[in-house]
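The structure appears below as structure tokens.
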Amino acid sequence: MVLGGGMGGLLAARVLSDTYADVVIVDRDQLTGTTSARNGVPHGRHAHCLVARGHQILEELLSGVTKEMSDAGVTLGDFNGGIQWNFNGHRLASSDSGLLCVSSGRPVLEQHVRERVQALRGVRFLELHDIVGLATTPDNGQVTGVRIQRNETGSQPEVLLADLVVDITGRGSRMPAWLRELGYEAPPEDKIKVDLAYTTRHYRLKPDRFGSAIAINQAATPASPRGVFCYPLPDGETIELSLTGVLGDHPPTDHEGFLAYIKSLPLPFHYEYVKDAEPVDEPVRFKFPASVWRHYEQLTRFPDGLLVMGDAVCSFNPVYAQGMTVAGMAALTLRKHLQNPSGLNATAFFGEIAGQIAGPWQFSAIADLGYPGVEGERNDQINLVNQYIPKVLAAATQDPVVTDAFLRVAGLVADPMSLMSPPIAGRVGAVLRQFARMRAAAAASA
Ligand SMILES: Cc1cc2nc3c(=O)[nH]c(=O)nc-3n(C[C@H](O)[C@H](O)[C@H](O)COP(=O)(O)OP(=O)(O)OC[C@H]3O[C@@H](n4cnc5c(N)ncnc54)[C@H](O)[C@@H]3O)c2cc1C
């Protein structure tokens, strides 16, 4: 039984269907047939990009889905050359990386994945049901199912039995509280408070304004903390534009304030795109107070028959676009652990996904700690990385090889340490020396 039919839940159901004859996805929303943002995933109204590694996982689990999406008009493109990346008011030099990404809005991506999962033999959807708790053996040692309640007045809770329950109910997962009720410890948490908000609006705008780019982004950095993600939607006439602001500098939701925020971005083109474009809705805001990592791998007691995955384990600062991909990595790990001849071992599963989460968590946590206003301890390594990354980004404006190295890390296909490797560090140094020579020449001629 899969609790939650978001991106993580769908991918988990996909791998569970290889082992279990009957896989039930329970969700409070209507999922099947839904093509727009839904209440259970309010963040689905805001910009989502499935980064390179996530795309690879999608294709591995649902072979051919890329072509299906592309045939349906979903914007896919090169994660490097297809996206116009701008940092600190400068465009990164680009080249094709051979890595694809999907930059097309969350509901449309989820719809394609859901339709494939729906077509799998043995997968059922139980929609419009709230999950209200776990069912267990009398000694609470084994989870035997879930307590659910149809979300209509007068309905009564009922128990659904399952051999295995996987909680993928997202960031708001109640698992820590349910574990405590059953006499277990809740997982210890790491938190990085970023006080982030996305505010998103859609405009009618022809995609030809984007040229060959599938998305044009100005990414937030400590030096330039306001950001924007913007891409055309598959209907061919609408763009999704999400503004991001950290540490309480939240993009406004009124027309004038929203436009003024766009105008305040380092580069003018997003403002130029939308200042005269027809908005198709009102700006909508989503607040994201903190990244949270729940360390299930540190628990010494855990009931049998239960796993937790996706945002329910770790919810990353969304500006780094890691969550769906890390949920996909956990689905691959689940597939591996389901094949274990001695049975599923929750501790081993949690240990392995913690190892996968650690890299992306460090990437985003270290970047967040680059903002002086973000609380948290900064050791020498964190300070070093936060001094080095702006240099990488500066070098990437001139050298597409550096851009490629950076985006491979951001796309979760390369280790962050690869940016420190001698070939990349050498290229970064070469560009910085070139900048220094240009500055010296300009000073001398002045
Ligand atoms: C603003 C924003 C932008 C983001 N952008 C990106 C991005 O660009 N790239 C990226 O990879 N990730 C991004 N993310 C992260 C990404 O959305 C999540 O990592 C991803 O949705 C995790 O999937 P999940 O299945 O774990 O949870 P969710 O997608 O949150 O799904 C949880 C599901 O559980 C259901 N549910 C919850 N509680 C109950 C209950 N009690 N009863 C019944 N059903 C329940 C919900 O209806 C929902 O369907 C972003 C997040 C935010 C907030």
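Ligands are counted one by one from 1 in listed order, and the atoms in each one are counted from 1 as well. Atom set for the values below is all heavy atoms of this structure, side chains included, hydrogens, waters and symmetry mates excluded.
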Short N-O contact, [X] and [Y], less than 4.0 angstrom:
X: Arg335; Y: Glu60; answer: yes
X: Arg38; Y: Glu110; answer: yes
X: Lys336; Y: Glu352; answer: yes

Query raised in the report: Are Arg174 and ligand 1 in contact, using a heavy-atom cut-off of under 4.0 Å?
Result: no
[Y] and [X] aromatic ring geometry - parallel, tilted or perpendicular at 30°/60° bounds:
X: Phe406; Y: Phe363; value: tilted
X: Trp85; Y: Phe87; value: parallel
X: His46; Y: Tyr198; value: perpendicular

Nearest protein heavy atom with distance in Å, relative to [atom]:
atom: atom 53 (C) of ligand 1; answer: His43 CB, 3.2 Å
atom: atom 29 (O) of ligand 1; answer: Arg106 NH2, 2.8 Å
atom: atom 5 (N) of ligand 1; answer: Ala47 O, 3.3 Å
atom: atom 9 (N) of ligand 1; answer: Cys49 O, 2.8 Å
atom: atom 23 (O) of ligand 1; answer: Gly8 N, 3.8 Å
atom: atom 27 (O) of ligand 1; answer: Gly170 CA, 3.5 Å
atom: atom 2 (C) of ligand 1; answer: Pro318 CB, 3.5 Å
atom: atom 34 (O) of ligand 1; answer: Gly4 CA, 3.3 Å

Any atoms of ligand 1 less than 4.0 Å from a non-hydrogen atom of [X]? List them with their elements.
X: Val41; answer: 48 (C), 49 (O)
X: Gln322; answer: 10 (C), 11 (O)
X: Gly6; answer: 25 (O), 29 (O), 31 (O), 33 (C), 49 (O)
X: Gly9; answer: 25 (O)
X: Gly310; answer: 26 (O)

**Report entry** Exceeds 12 heavy-atom contacts within 6.0 angstrom, atom NZ of Lys287
**Finding:**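 No - once you tally the heavy atoms of other residues, nucleotides and ligands closer than 6.0 Å, there are 12 at most.
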With respect to [atom], which of [options] exhibits the smallest heavy-atom separation?
atom: atom 18 (C) of ligand 1; options: Leu31, Asp130, Asp311; answer: Asp311
atom: atom 41 (N) of ligand 1; options: Gln30, Arg28, Lys287; answer: Arg28
atom: atom 17 (O) of ligand 1; options: Gln149, Met324, His48, Arg38; answer: His48
atom: atom 35 (C) of ligand 1; options: Asp27, Thr169, Ile131; answer: Asp27

Query - Separation between CG of Leu10 and CD of Glu115, rounded to the nearest 0.5 Å - result: 11.0 Å
Query raised in the report: Atom OG1 in Thr200, atom CZ in Phe258: separation rounded to 0.5 Å?
Result: 6.5 Å
**Report entry** Structural part of Ala321 in contact with ligand 1, heavy atom criterion under 4.0 angstrom
**Finding:** both
Query raised in the report: Using a heavy-atom cut-off of under 4.0 Å, does the side chain or the backbone of Ser173 touch ligand 1, or both, or neither?
Result: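 Within the 4.0 Å criterion, Ser173 makes no contact with ligand 1.
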Requested in this report: Could you check Glu127 against Thr32 for side-chain hydrogen bond (donor to acceptor under 3.5 Å, both in side chains), going step by step and ending with a plain yes or no?
Outcome: CA-CA 8 Å; Glu127 299 157 293; Thr32 50; 2.8 Å; yes
Query - Ring-face cation contact, Phe288 with Arg171, 6.0 Å cut, 45° max - result: yes
**Report entry** Test item: side-chain donor near acceptor, Tyr231 and Glu240, under 3.5 Å
**Finding:**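 Tyr231 vs Glu240: donor-acceptor pair found between side chains.
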